[in-house]
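I have placed the structure first, in the form of structure tokens, so that the comments after it can refer back to it.
Hydrogens, waters and symmetry mates are skipped; everything else that's a heavy atom, side chains included, is used.
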Amino acid sequence: MRWWAGVWVVAGVAVLAACGSSAGGGGAGGSGSRSSEPSAGTSASASAGSSGVPSAGTSAPPPASASASATGGGPSTSPAASASLTGCAAGHTDVTITPGGAVEQRLCVRPGTVVSLVLRPRADDKRWTAVHSSAPAFVLPSGWRVAADGTAHATLRCATVRPGAADVRAMAKAPDTAGAARPAFTLHLSVVPYPTQG
């Protein structure tokens with residue numbers, strides 16, 4: 001009986017040792033397999049990064065068109081150019097010159113415009129005597145008169161067809177001074193056609 005008991009003990013020890021070695025080998029093989037094969041999430045991220053498509057956790061860069069519009073890359077239209085197209089007088093307009101004002105002014109008008117020029121009495125001893133146009137074909141002065149208080153009036157009729165420019169000079173002179181009158185004010189008139197449609 002002791003002999004048989006010893007055999008069973010030896011057999012049990014051998015079986016336990018064999019089971020332990022097989023379990024240890026299986027654990028090492030499993031870990032090796034897991035370390036050599038990437039997980040599904042890792043492979044998906046790697047493939048997404050290599051193909052140029054951002055993953056779910058990465059924000060895509062803004063398109064080039066959006067950044068260009070944000071920085072104002074598009075062409076833009078200039079304010080001075082718009083004013084030059086819409087800032088010309090048409091029909092009838094008044095220009096009044098007061099003492100101490102600028103001795104030169106510029107005015108843009110449309111063809112056929114009539115300008116009423118009013119020259120207020122001067123603060124010095126000079127008096128308004130006449131107005132002259134450098135190009136009567138474009139701007140023709142008429143209706144010159146001087147009121148009792150010294151205010152002078154003139155009508156400037158602009159060309160109805162051809163565009164052009166003219167300098168209208170208002171002459172002044174002291175009554176008791178010899179010699180010709182000299183320009184005391186100059187109005188630079190530009191006759192600009194209406195913008196064409198289309």
Separation between OG1 of Thr155 and NE2 of His92, rounded to the nearest 0.5 Å: 7.0 Å

Closest contact, heavy atoms only, Ala159 versus Val191: O-CG1, 4.0 Å

For Pro121 against Pro99, the heavy-atom pair lying closest together: O-CG, 2.9 Å

Straight-line distance of Arg182 CZ to Arg169 CZ, nearest 0.5 Å: 13.0 Å

Any donor-acceptor N/O pair, Arg110 side chain to Pro193 backbone, under 3.5 Å: yes

In one Ile/Leu/Val/Met/Phe/Trp/Tyr side-chain cluster, 4.5 Å: Val114, Leu140: no

Joint cluster assignment, Val168 & Val146, ILVMFWY side-chain distance < 4.5 Å: yes

Side chain to side chain, Leu117 and Ile97, heavy atoms closer than 4.5 Å: yes

Over all atoms of both residues, closest heavy-atom pair of Ala181 and Lys173: CB-CB, 3.7 Å

Met171-Leu119 co-clustered via ILVMFWY side chain contacts under 4.5 Å: no

Taking every non-hydrogen atom, the tightest pair across Pro111 and Val161: CB-N, 4.4 Å

Side chain proximity check, Leu107 to Gln105, heavy atoms < 4.5 angstrom: no

NZ/Lys126: more than 12 non-hydrogen atoms of other groups inside 6.0 Å: no

Under 3.5 Å donor-acceptor, Trp144 side chain and Thr129 backbone: yes

Polar side-chain atom of Trp128 near backbone of Arg120 as donor-acceptor pair, under 3.5 Å: yes

N/O donor-acceptor pair under 3.5 Å between Thr113 side chain and Cys158 backbone: no

Side-chain touch Leu187/Leu156, heavy atoms, less than 4.5 angstrom: yes

NZ/NE/NH1/NH2 to OD/OE distance under 4.0 Å, Arg122 and Asp124: yes

Side-chain donor/acceptor of Ser133 to backbone N/O of Val139, under 3.5 Å: yes

CA sep, side-chain torsions, deciding dist, call: Ser116, His153, side-chain hydrogen bond (donor to acceptor under 3.5 Å, both in side chains): CA-CA 7 Å; Ser116 294; His153 300 266; over 6 Å; no

